[in-house]
Each structure stands twice: as C-alpha cells, then as structure tokens.
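Encoded as structure tokens, the structure appears first; notes follow it.
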Amino acid sequence: RELIILDSSDPATLREISRTRFSSRFRGLSAKGTYVYTTRASGSDKFIEVIDASNELAPVIGSTVNLPGTGFVTQIHGERLYVGGSMYLSIFSLADPANPTLLSTIPGNTTLDDFTVSGNYLYLGNARDDVVYIYDITDPTSPQQLNSIPFANPYGIAVSNTTMFVTNYSTGLAVYDVSDPAAPVLLYSDSVLRAGRLQIEYPILFVQIAEGRNNSLEAYDFSDPANPVLVWSETQGSSFIRTLVLQDRILYTQKNTEI
C-alpha cells in the first residue's frame, strides 16, 4: 500500500526519498518521466491510477482510468502503456501522460500477465491455452494475431532483436528465431533450465530460478543460441523473486519483502 521513491543514482546505496501510503495495495506499477502508473482495485472497481511524482517528496494522485478487470502487470514501451490482467490485455496511449487513453483490448480466458513488446510485435503468454501468441501491433487500435507457439504454462518471456526466450518452472527454456514473427523457428530447448522471470540485454539472458526454498539469479551468454554458457550465478536464499527489471545496465529485483 506504499509508494516508495528511491534515488538510484548510486545503485550500491539506494536512498529513500519519500514514502506515501495509499488506501489499497498496488498490483502493477510502471513509471515514465514524472508519472507513475499503478493498477488498483477498490471493491468492484478496477482501475489505473496515475500519480504525479514531479514533487518527489509529495506525490499526488491524478486521473484514474477504468479497467475491464483486475490489472496485475504494467509495462511501458515507447508512448504506450500495456496492462495485463484477469481475462484481458489492454493497450493505452500515453500521448498525454497524465491521462492514458484506451487504444484496444485483447480478451483472454485466463490471467494475461506474461508478455513483452519488441518493435511492432506483442508476445503474449497464455497459461490456460499453453501457448505464446504473437500479435502485430503496428496499429495499436487493432492488434492482429500472427501466430501461436505451443508452450506449456509460459511464465517468462523476453525478446531481443529477432530472438525470443520463453520459460517456465516445469518444462524449461525454449529459444526461437522470430525474424519472421509469423513463422517462428525453434533454435534451442533446455528441459533442465527451469526458470521464471527473464530479462535480456543481448547476448546476456538473466533468469530467476526457484527450486523449493533455494532461489537464485543466473546469467547466460546466448551469443550462440544453440550453446548458452553460464557466466554468473548468485544465491538468493528462500525469498521468492517476484519481479526482474533491467534498466540502464542495472538489474533490479523485487522479493517478497525487499527490493
């Protein structure tokens, strides 16, 4: 229920700037410029809440935008905000960052919270259908499905240039050539590397590993997609890593109790 703003100019020593408490807990959270976009629920109302953080010491709530259901994950790519939630994924324009405008909604039959965007393409995991859907979003008001790749319970998806990485905790990792998103080609699969969330700064893929109470972060060099090489590993103990964010060559993790 708290929005904590941190100064990360020195990543080795994060400094708290402010802490603001809200009436209900956040689910998704993304930021662009001085605006923070959160998804929240109050009774039967599900909505995006825009927070103006231009004054870092005293963020204020701005506009709200209704959602078709609970929003679990938010991502910002360019001038668009993507919200993955219960039975849907919605795309919003941030042309006016203080007032997101709905462009389109992709319906689903389960929670759609595993997705990424690369260029004009949206890669969307559907755990109930056991597939990864690929959409052309050149026209964000009318996403066009190009293909669907069978993959059991897709949990982590990352794309860099023409390479897509998909993983889960049960069947492992698969790597695809998506230079033609309408006709992906499998390059590599590994049933041992059972991971969750992914982040990519090509050719290095960062993965979250969870095996019982033994959690870790690992990094693999995929310069040769058919022969990845483990280059780094760090044990994280029993605290489950919920989110990975890679920005400006810094990897941020959100655990159950800490960032």
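Hydrogens, waters and symmetry mates are skipped; everything else that's a heavy atom, side chains included, is used. Note that this is a predicted model, so its numbers are computed, not measured.
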Got a second to check how far [X]'s [atom1] is from [Y]'s [atom2], nearest 0.5 Å?
X    : Y    : atom1 : atom2 : answer
L3   : E49  : CG    : CD    : 10.0 Å
T70  : K46  : OG1   : NZ    : 4.0 Å
L146 : Y123 : CG    : OH    : 8.5 Å

Could you check whether [Y] and [X], counting side-chain N and O atoms only, form a donor-acceptor pair closer than 3.5 Å?
X    : Y    : value
D7   : S9   : yes
Y169 : Q208 : yes
Q144 : S142 : yes
S30  : T74  : yes

Look only at the side chain of [X] and the backbone of [Y], and say whether a donor-acceptor pair between them is shorter than 3.5 Å.
X    : Y    : answer
N168 : A152 : yes
Q75  : F115 : yes
T39  : G28  : yes
T167 : G172 : yes
D221 : I204 : no
S148 : V132 : no
N120 : T138 : no

Inset, instruction - Would you list the pairs meeting side chain to side chain donor-acceptor pair (under 3.5 Å) in which at least one residue belongs to residues 84-93, sequence neighbours left out? - result: S90-T105
Legend entry - Residue list, side chain to side chain contact (heavy atoms under 4.5 Å, CB included) with D129, at least two apart or on another chain: N109, N126, V131, Y133
Inset, instruction - Taking the six-membered ring for Trp and the single ring otherwise, decide whether the centroids of F165 and F222 are under 6.0 Å apart. - result: yes
Legend entry - Set of ring-ring contact (aromatic ring centres under 6.0 Å, His included) partners for Y202, sequence neighbours left out: none
Legend entry - Within 45° cone and under 6.0 Å: R197 NZ/CZ vs Y155 ring: yes
